[in-house]
Number of protein chains: 2
Amino acid sequence: MTHAGWQQLAAAKRQSILDAIPEKWRIQSPIPTAEELRDVTGPYIQQFLTPREIEITETDALGITEKTTSGTWSAVEVTEAFCHRAALAHQLVNCLHEVFFDAAIEDAKQLDAYFAEHGKPTGPLHGLPVSLKDQFHVKGVETTMGYVGWIGTFQGQKNDPRSKVFESELVRELRSLGAVLFCKTSVPVTLMTGETVNNIIKYTTNPHNRLLSCGGSSGGEGALIALKGSPGGFGTDIGGSVRIPAVFNGLYGLRPSAGRVPYEGAANSMDGQSTILSVIGPLAATARSLKLLFKAVLSQQPWYHDPLVLELPWRDEIEKETRALIEKSKSGSSPLAFGLMNHNGVVRPHPPIARAMKIVEQTLTRLGHKIIEWNPPSHAIAHQLARETYNLDGGADLGHHFGLSGEDQPYQVIVEPGPQKSASEIAVLNVQKREYQKQYMDYWNSTAELTGSGRPVDGVICPAAPHAAVLPCKYDHVGYTSFVNLLDYTSVVFPVTRADKNIDVSQPGTGFLNEMDQEVHGQYDADAYDGAPAGLQLIGRRLQEEKVLTLADYIGANVPKSP
Amino acid sequence: MTHAGWQQLAAAKRQSILDAIPEKWRIQSPIPTAEELRDVTGPYIQQFLTPREIEITETDALGITEKTTSGTWSAVEVTEAFCHRAALAHQLVNCLHEVFFDAAIEDAKQLDAYFAEHGKPTGPLHGLPVSLKDQFHVKGVETTMGYVGWIGTFQGQKNDPRSKVFESELVRELRSLGAVLFCKTSVPVTLMTGETVNNIIKYTTNPHNRLLSCGGSSGGEGALIALKGSPGGFGTDIGGSVRIPAVFNGLYGLRPSAGRVPYEGAANSMDGQSTILSVIGPLAATARSLKLLFKAVLSQQPWYHDPLVLELPWRDEIEKETRALIEKSKSGSSPLAFGLMNHNGVVRPHPPIARAMKIVEQTLTRLGHKIIEWNPPSHAIAHQLARETYNLDGGADLGHHFGLSGEDQPYQVIVEPGPQKSASEIAVLNVQKREYQKQYMDYWNSTAELTGSGRPVDGVICPAAPHAAVLPCKYDHVGYTSFVNLLDYTSVVFPVTRADKNIDVSQPGTGFLNEMDQEVHGQYDADAYDGAPAGLQLIGRRLQEEKVLTLADYIGANVPKSP
């Protein structure tokens, strides 16, 4: 394909996404530039909506299902409100890859008809619009994952009978739960970066501060949900790709351990790489909404439909135990204990993130919890092992898919061209990874001697990135998220505060940890970052989703509201 | 090292094993040849034992713990009885790599002292001798895994401080449970074959018929437990290595799914290969003893000590549900349903195994269970994918360890010298494996339409090998076990009958499936196989150990006793 060829194809696809937005929902007035108006959430986007649409779309996912499963709100009304707001969101920050509002409204009508006939909902997500990262196959639309070469194909294969017909396992389950699917959201091509940019839709910006990135790779999800164009959605995470866009957009996001949410039948980069598995996780405005989505999927027994899913239903007993620990803490006995890691020994965080850490530390102290300093095995090693994993095939998979169209690679990703690793080299890496996991596990166990309760820490709090939502092209260190993937631990990001140029002033740099630390330090710009959400992550042990979701809900509710 | 060098080293090690057997336990009279006396179980070995020793050693593991945890039998008396019988077993069939009876008796004394002081056992395995395949590190002795080049080293590394000091995680847990460790058992060098032979101890024969193999790679375990020189032990299984020696020796053996029993800190072949993980499983004379050992290990919460173990305690509710299904079946309602696979489409089984299938079919029918013919996705594909997995590194790992001493490879293994696979090739294989698993899962689900209960089959019964305990050098097809590893399903082998030259006469061969089928058919020799145990396997879905153990106990108890 010629150079002009791929650009035309990309432009046509880009236009087709805009064309799928009904005329009535197009913004007619000129949209201010990012310099003129950074933040398009809140009043700016609300001006295009009716009070009723605002009421619906500003209710969280759990709140919506309370209305839709009881028949208080109709699925059609809720769906239309979110379609409208999602249409606006895309025009503001470029966050959609596929738009299928008509199909969504048709599905919503069916749900309303079911409710009218049976007097009960179809499932726990009855009438809830759910957005999906553009890795999930949904009938009627295509999946490009940002590759120009995938346009009009099935994962790059022409004339594949699955094209526009096949649905991913998670999609099947969401439909069975009563969810309404209405759009697919933007990703960085390759998925292997913390910003969202590709040759089709170009750059997705951060709705809280459009000078900044929305994060990635589930960036469209983060931006859309921040604009309340979706009450919740699903992304994927192999190095931080759920958590980064969630935390950059002031949301909650869950990175479950591998084996809980079904990946079966979804598109992926470097499929078959098994040292660090990409996992699917939900993003939403509240922790309770993450729980709703996660628990609903588990109720579908995905372990009978995806060979990589473990037979682990939602464990009420872990949730109850965690709540009991919270209650016990209030009475001062055997308090919850948290490890706090202010920095990872590789890159120190910018002032807004350092302040978020302080806020949470003060909150936990105020609540009577035990805090210990987290001094784990070297995170530099974890970062290195994760990088090696992402580069096992020397960029062969990405190169193949870029080659389908001949498109330019629009952005630097964390995969670099190089030789393929051999079976023996991969085996060595797998052993190094397991040994690191063992060291980390032993360290975690060892904290039982420090907490005073006899239990090791209940969770670890640390940054999710060295910065708040990042300036374009400045995401240089993903080590704050990738170590969780290497360990296969559970993690929830949660909002804490916002960058404030008056408080979070630049600090003089001294005693840098290394060149990277110095470079990231130098990239802080108090003015540019002003207003960016600054959140953190809460990390739990492997397969402890019930515990981290319960704790994140508790901590998030107790963090002082930012002004 | 010169040719003579490795042979001398091997001979010295071989002699040191014999030397570790106390004089009083050495067999003074000439041991009959295999031709003179095939079967050395029962009366032959009993002649060297006291009635009390026979009573103790012919009690199954669960029965022993009933006595030792209640203080009825002392740990020392039980340990001494098994040490004696294990010493005899080794002299008869060559089944031990390491002998540490003195340490065992010392440990037993400590256990007795504990019981005397506290009036209670140290744990559920208090005073139970447990044997271990020679992959587990136990302090005081070495681990050779059959490699001459590992003698005097730690996994081939000289001057490693872990040598004779470090213990594998499972060993730590077994000690904590009160088990007494007393010997390590023979393996085929490389572990990658279904017979047990190496340059140190040479060939381990089958105690029921010493013309035949004891199986492999946990062959020493199978032979030792068949001779009742151990009430139970642990082997490993990447292609059948627990199940083959268990079924060849008339025992029960469990292949759990990956992630239940801790492999942490054990030696292995091709460590870090992650497409099919080797797993640890118990072997014993009864299903209830497997359950005892498996459940005891889970009680140690290995998921806090091995990063590859899943947080899945023993699930009483699954055992109860399974028992309820058995009870329900008795009343004729919603019966248990089993898929029966008489052959795998690649190689048809020999007459003794075909007859075992008939016996179980008749038993299940008599018990009122539903039987359906198992017509799964091609097992030839499964076999091929497993073979590719075993050969990913083109034999590099094995070659390295043979090269440490320059020893000859004593036997053909299922790994062949060849090129290393690349990261992209391994990724393709991983995807093919996942797709096969998905097809198999969907097929299993589809049987819900055939069982009449609305549930898919509860288990699948099939051969564990095309033959009973095999004639040396005739193990040509491991596809009956390796497909379970590829699928990561659960499987228990159980004894059914014995080969009988008067019943299991050679059948004229017609309509062979392929050349391999014809070759295996031609290898049947009714006279040579006479007396060999002929068992089968019961397969369950992934991570359904509680269910398959309960069902195997039930089916095994109802199979008519062989004469």
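Just so it is clear: chains get the letters A, B, ... in the order the sequence lines come, proteins before strands, and each one is counted from 1. Predicted model, so just to flag it, every value in this text is computed and none were measured.
Proximity to chain A is absent for every atom of B/Trp444, based on heavy atoms less than 4.5 angstrom apart. Contacts between A/Asp306 and chain B at a heavy-atom distance below 4.5 Å involve the backbone alone (N, CA, C, O). When heavy atoms are compared at a cutoff of 4.5 Å, A/Gln273 approaches chain B solely by way of its backbone atoms N, CA, C and O. Proximity to chain A (any heavy atom under 4.5 Å) is restricted, for B/Leu312, to the side chain, taken from C-beta onward. Residue contact with chain A, scored on non-hydrogen atoms closer than 4.5 Å, involves the side chain of B/Glu264 exclusively. Only the side chain of A/Asn445 comes within less than 4.5 Å of a heavy atom of chain B; its backbone N, CA, C and O stay farther away. Using a 4.5 Å cut-off between heavy atoms, B/Gln432 does not touch chain A at all.
Between chain A and the options B/Leu487, B/Val431, B/Asp397, the largest number of non-hydrogen pairs under 4.5 Å is found for B/Val431. The most heavy-atom pairs under 4.5 Å with chain A, out of B/Glu311, B/Glu435, B/Lys438, come from B/Lys438. Of all the listed residues (A/Val428, A/Leu543, A/Leu310), the one sharing the greatest number of non-hydrogen pairs under 4.5 Å with chain B is A/Leu310.
Within 6.0 Å of CZ on A/Arg172 lie more than 12 heavy atoms contributed by other residues, nucleotides or ligands. Atom CD of B/Glu317 has more than 12 heavy atoms from other residues, nucleotides or ligands within 6.0 Å. Surrounding CZ of A/Arg315 are more than 12 heavy atoms belonging to other residues, nucleotides or ligands, all under 6.0 Å away.
Between B/Ser274 and A/Asn430 the shortest heavy-atom distance is OG-ND2, 3.4 Å. The two residues B/Arg542 and A/Pro307 come nearest to each other via the heavy atoms NH1-O, 2.8 Å. The nearest pair of heavy atoms linking A/Leu392 to B/Ala423 is O-CB, 3.3 Å. Minimum interatomic distance between A/Met441 and B/His305 (heavy atoms only, all atoms of both residues): SD-C, 3.5 Å. The two residues A/Ala427 and B/Asp271 come nearest to each other via the heavy atoms CB-O, 3.5 Å.
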Quick one, B/Arg541 with A/Trp303, criterion side-chain contact (heavy atoms from CB on, under 4.5 Å). Give me CA distance, side-chain angles, the key distance, then yes/no. CA-CA 10 Å; B/Arg541 303 183 85 141; A/Trp303 46 88; over 6 Å; no

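Side-chain contact of A/Gln420 with B/Glu425: a donor-acceptor pair under 3.5 Å is absent, judged by distance alone.
Separation of atoms CG (B/Asp393) and CD1 (A/Ile426) is listed at 11.0 Å; rounding is to 0.5 Å.
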